[in-house]
Amino acid sequence: MLHTTDCYGGSVEYNLGKQYAKLDVVIGLDDNSPNAGMTFTVLADGKRIFHDQATVGPPFHPVFDVSGVLRLRIEWEAVSGSACGIGVLADPTLTR
């Protein structure tokens, strides 16, 4: 699980080595987070495959096709003018 710790945004990058077919993940805000918006973007080899704003409540549960992807990058950014939310990427599961 990944918890964000920076109100100004951040990113993490993973080398998938073109070895996987699917990524199943839960994206949202921690239930103890202020109800502040946070934007998440997922890039597969530089191509945006997800971009949405999360708030406290039901999370997103996307399943991404990562066939042939070398690098997966996840970016987050607090919505301008909002309190600092705590973003969460939970239960990431890669399948071949």
#### Entry: Check: Arg73/Ser11 side-chain N/O donor and acceptor closer than 3.5 Å
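A pair is found: one side chain offers a donor N or O, the other an acceptor, under 3.5 Å apart.
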
| request: Determine whether the side chains of Asp91 and His61 contain a donor N or O and an acceptor N or O closer than 3.5 Å. | output: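 Side-chain D/A pair, Asp91 to His61: absent.
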
Measure from the side-chain N and O atoms of Asp45 to the backbone N and O of Arg71, and report whether any donor-acceptor pair falls under 3.5 Å. yes

Hey, could you give me the [atom1]/[atom2] distance between [X] and [Y], rounded to the nearest 0.5 Å?
| X | Y | atom1 | atom2 | value |
| --- | --- | --- | --- | --- |
| Ser67 | Lys18 | OG | NZ | 12.0 Å |
| His51 | Thr41 | NE2 | OG1 | 4.5 Å |
| Ile86 | Met38 | CD1 | CE | 8.5 Å |
| Ile74 | Ile27 | CD1 | CD1 | 6.5 Å |

Considering non-hydrogen atoms only, spot the tightest contact between [X] and [Y] and give its length.
| X | Y | result |
| --- | --- | --- |
| Val42 | Leu72 | CG1-CD1, 3.7 Å |
| Gly28 | Pro59 | CA-CB, 4.2 Å |
| Ala21 | Asp65 | O-OD1, 3.3 Å |
| Val56 | Leu29 | N-CD1, 3.7 Å |
| Ala90 | Val25 | O-CG2, 3.6 Å |
| Leu43 | Glu75 | CD1-OE2, 3.4 Å |

Checking side-chain contact (heavy atoms from CB on, under 4.5 Å) for the pair Leu94/Leu16: CA distance, chi angles, key distance, verdict? CA-CA 9 Å; Leu94 284 164; Leu16 302 184; 3.8 Å; yes

Quiz item: Is there a path of hydrophobic side-chain contacts, each under 4.5 Å between heavy atoms of I, L, V, M, F, W or Y residues, that connects Val12 with Val26?
Solution: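 No, Val12 does not connect to Val26 through the hydrophobic network.
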
If you count the non-hydrogen atoms of other residues, nucleotides and ligands that lie under 6.0 Å from CG in Asn15, is the total more than 12?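 Enclosed.
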
- Task: Could you go through the ring pair (Phe, Tyr, Trp, His ring centres under 6.0 Å) check for Phe60 and Phe40 one step at a time?
- Result: CA-CA 10 Å; Phe60 301 107; Phe40 289 91; 7.9 Å; no

